[in-house]
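Every value quoted in this text rests on a predicted model; they were computed, and no experiment measured them. First the proteins, then the strands, lettered A, B, ... as listed; each starts at 1.
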There are 2 protein chains.
Amino acid sequence: MARPREFDEDTVLEAATQRFWTNGYEATSMRDLADRTGMTTPSLYNAFGDKRAIYRLVLDRYVRRALESCSAIFGDDDPPLRALERYFDALIEETRADALQKGCFVVNTALEVAPHDADFRDLVTNVFGRIEKYMRDCIVRGQSDGTIRTKLPAADLARLFLGATLGIRVLARTSAERELLTGVVRPLFALLRTK
Amino acid sequence: MARPREFDEDTVLEAATQRFWTNGYEATSMRDLADRTGMTTPSLYNAFGDKRAIYRLVLDRYVRRALESCSAIFGDDDPPLRALERYFDALIEETRADALQKGCFVVNTALEVAPHDADFRDLVTNVFGRIEKYMRDCIVRGQSDGTIRTKLPAADLARLFLGATLGIRVLARTSAERELLTGVVRPLFALLRTK
DNA sequence: TTCTTTTTATATCGATCGTCACAAAACGCG
DNA sequence: CGCGTTTTGTGACGATCGATATAAAAAGAA
C-alpha cells in the first residue's frame with residue numbers, strides 16, 4: 001500500500017523511553033531522540049507526533065509494564081507478607097542495579113511535569129492510586145488470614161507503604177547506599193508483625 | 001567607590017528561588033529570572049554569575065533556612081515525640097498551603113539535577129543525611145526517656161521517617177489529598193508507640 | 001573637575017530549540 | 001508500467017536559549 005517503515009517501533013520507543021527517563025522532559029531534545037533512535041526528527045513527528053505526544057506515549061508504555069509487574073507480584077498466590085517482601089526486594093534490587101540513577105519514570109514525571117500539566121498529573125495520581133490499592137488489598141488479605149497481625153487500618157498502612165516507595169525512588173536518583181534503602185523498609189515489616 | 005546597586009539582593013534572590021523552585025532548572029530561562037527579579041540579564045550575570053551559579057546560590061540559601069527550621073523543631077526542649085509531631089504537622093500544613101505545588105526545592109533538585117551533577121548530588125545527599133540525623137537523635141532521646149517505646153533501631157526508624165518525608169514531598173507535587181498525607185504519617189507514630 | 005570602579009541598559013552573538021516544507025524513495029495496486 | 005500512499009532525508013523556518021561586548025550612568029577618590 002505504501003512505503004514500509006524502516007525502524008522497529010518497539011526498539012525506537014524503548015530508546016526514547018531511556019532518554020526521557022534518564023534526562024527528563026525539558027533536558028531531552030527532539031534531536032536527542034533522533035540520535036538515540038536512529039531516526040530523523042521528521043520521521044519521529046510523522047510516526048508519533050510532537051515531543052509531548054512521544055513523552056506521553058513512552059510513559060504510558062512504561063506504566064503499562066510497571067503495573068503488569070505489580071500485578072504479577074500481588075496477583076500471585078503468595079502469602080501477602082511474601083508479596084510485600086518481593087515488592088520491596090525488587091524495588092531495592094532495581095535501585096541497586098540502576099547505574100544511571102534513572103529512578104522511576106513516573107516519579108520523575110510527578111516532579112518535573114505533573115505540577116504544570118493536568119493530563120500528566122492525572123496519570124501520575126492514577127498510578128499512585130493503583131499502587132496504593134495493590135498494597136491495601138494485600139494488607140487486608142494478610143490481616144484477614146492473620147499473617148499480618150497489626151490492627152492498624154490497612155488504608156493508612158498502604159499510604160505509608162506508597163510513601164516509602166516514593167521516598168526510595170527519590171533516593172534512587174541520588175546514588176543512595178543500599179543500607180539506607182533497606183533501613184527504610186525494615187521498620188515497615190516490623191510494623192506489620194506488631195500486635 | 002562605585003555605582004551603587006539599584007536592587008535589593010534578598011528580594012532578587014527570593015524571586016529567583018520561587019522561579020527555580022516551581023519551574024525547575026531547565027524550564028527556567030535567564031530571561032524568566034530577569035523578568036521576575038526586575039533586573040536585566042547582564043545585571044544578573046554581573047551580580048551573581050551564570051545560571052548554574054545562581055541556582056546553586058538560591059538553593060544554598062533555601063537549604064540554610066530549611067535546616068534552621070529543622071534545628072528549631074528538634075533543638076527545642078519539647079519531648080521527642082512532640083518534636084516529631086511538630087515536624088510532620090508542619091510538613092503537611094506546608095503541603096496543604098502549597099497552591100503552586102512547589103514541593104521541596106531540595107527534592108526537586110534531587111530528581112532533576114543531582115543525577116548528572118556531582119556537586120548538587122553531594123548537596124542533596126548532605127541535606128538528606130542531616131534530616132536523617134535530626135530524626136535519629138530525636139528518636140534515640142525518646143527511647144532513652146521511655147516516651148518512645150519501640151525497641152526497633154533508631155537508625156532504621158530515622159531512615160523510614162526520612163523516606164516518608166521524601167514520599168510526601170513527591171505527593172506534594174501532584175496535588176495529593178490531605179487524607180493521603182496524614183495517612184502516611186499516622187502509622188509512623190503508631191510504630192513509635194508499639195512495644 | 002577628572003579618574004577609577006562598578007552597575008546599568010541596549011543590542012546582539014552563535015547555538016540550539018520544536019517543528020515543518022518539500023521532494024525523493026519505496027512499497028501495493030491498477 | 002504508472003498511480004496513490006506513506007516514509008524517508010535534506011534543509012531550514014522563527015523563536016528562544018545562555019552568555020557578552022559595549023558604552024552610558026552613577027558613585028567615591030583625587
Side-chain angles (χ1 to χ4, degrees), chain A residues 1-60 108-109 112-114 116-120, chain B residues 1-60 108-109 112-114 116-120:
Chain A
M1 193 76 138
R3 177 170 177 173
R5 290 182 169 179
E6 298 178 2
F7 63 88
D8 177 67
E9 181 164 314
D10 209 63
T11 304
V12 165
L13 292 181
E14 182 57 32
T17 299
Q18 292 296 322
R19 191 64 179 170
F20 274 131
W21 188 358
T22 56
N23 283 39
Y25 182 83
E26 292 290 342
T28 300
S29 71
M30 290 299 293
R31 287 168 180 83
D32 284 333
L33 294 180
D35 292 342
R36 301 283 171 153
T37 60
M39 298 176 67
T40 61
T41 54
S43 286
L44 284 171
Y45 277 92
N46 178 67
F48 306 114
D50 64 13
K51 183 183 178 185
R52 187 174 180 278
I54 297 176
Y55 189 84
R56 177 74 197 222
L57 191 65
V58 298
L59 181 59
D60 281 338
N108 300 354
T109 302
E112 190 194 358
V113 185
H116 56 81
D117 190 315
D119 292 336
F120 285 96
Chain B
M1 192 72 141
R3 176 171 179 173
R5 290 183 169 181
E6 300 178 1
F7 63 88
D8 177 65
E9 180 163 316
D10 209 61
T11 305
V12 165
L13 291 182
E14 183 56 32
T17 300
Q18 292 296 324
R19 191 67 179 166
F20 274 132
W21 189 357
T22 55
N23 283 38
Y25 181 82
E26 292 290 343
T28 301
S29 71
M30 291 298 294
R31 288 169 179 83
D32 283 333
L33 294 181
D35 292 342
R36 301 282 172 154
T37 60
M39 298 177 66
T40 61
T41 55
S43 285
L44 283 171
Y45 278 92
N46 178 67
F48 307 114
D50 63 13
K51 182 182 176 183
R52 187 175 179 278
I54 298 176
Y55 189 86
R56 178 73 197 223
L57 192 65
V58 298
L59 181 60
D60 281 338
N108 300 354
T109 302
E112 190 194 358
V113 185
H116 56 84
D117 190 314
D119 291 336
F120 285 96

Phe7(A) atom CZ is separated from dA26(C) atom C1', nearest whole Å, by 15 Å

From CG of Asn46(B) across to C1' of dT6(C) the rounded distance in Å is 7 Å

Tyr45(A) OH to dT19(C) P, in whole Å, measures 3 Å

Ser29(A) has its side chain closest, among dC17(C), dA24(C), dT6(C), to dC17(C)

In the 5' to 3' direction, the nucleotides of DNA chain D bounding the stretch that comes under 4.0 Å of a heavy atom in chain A are dG4(D) to dA12(D)

Comparing Met39(A) with Arg52(B), nearest DNA chain D nucleotide closer to 5' gives the residue Met39(A)

- So, is Ser43(B) close to the dT7(C) phosphate, meaning a side-chain N or O under 4.0 Å from OP1 or OP2? no

| message | Looking at Arg52(B) and Asp119(B), is there a salt bridge between them, counting it only when a charged N and a carboxylate O are closer than 4.0 Å? | response | yes

In whole angstroms, the gap separating P of dG18(C) from OH of Tyr55(A) amounts to 14 Å

If we ignore hydrogens and angles and just use 3.5 Å, is the side chain of Asn46(A) paired with the main-chain N or O of Ser43(A) as donor and acceptor?
no

Under 4.0 Å between a side-chain N/O of Arg5(B) and OP1 or OP2 of dT7(C), yes or no?
yes

Here the distance between atom C1' of dA15(C) and atom CZ of Arg31(A), to the nearest Å, is 10 Å

Here the distance between atom P of dA9(C) and atom CG of Leu44(B), to the nearest Å, is 11 Å

- Cationic N near anionic O, under 4.0 Å, Arg56(A) to Asp60(A): yes

>> Using only atom types and a distance under 3.5 Å, with no angle test, would you say the side chain of Asp32(A) pairs donor to acceptor with the backbone of Arg19(A)?
In response: no

Comparing nearest nucleotides in DNA chain D, the 5'-proximal residue of the pair Asp50(B), Glu6(B) is Asp50(B)

| said: Does Pro4(A) reach a base, just sugar-phosphate, or nothing at all? Heavy atoms under 4.0 Å. | reply: sugar-phosphate

Check: Distance-only, no hydrogens or angles: does the Glu112(A) side chain make a donor-acceptor pair with backbone N or O of Glu26(A) under 3.5 Å?
Finding: yes

Between CG of Asp35(A) and C1' of dT16(C) the distance, given in whole Å, is 13 Å

The single option from Asp50(B), Thr28(B), Thr109(B) that satisfies side chain to side chain donor-acceptor pair (under 3.5 Å) with Tyr55(B) is Thr109(B)

How are the rings of Phe20(B) and Tyr25(B) set to each other: parallel, tilted or perpendicular (split at 30° and 60°)? parallel

Ranking Gly38(B) and Glu26(A) by the position along DNA chain C of their nearest nucleotide, the one closer to 5' is Gly38(B)

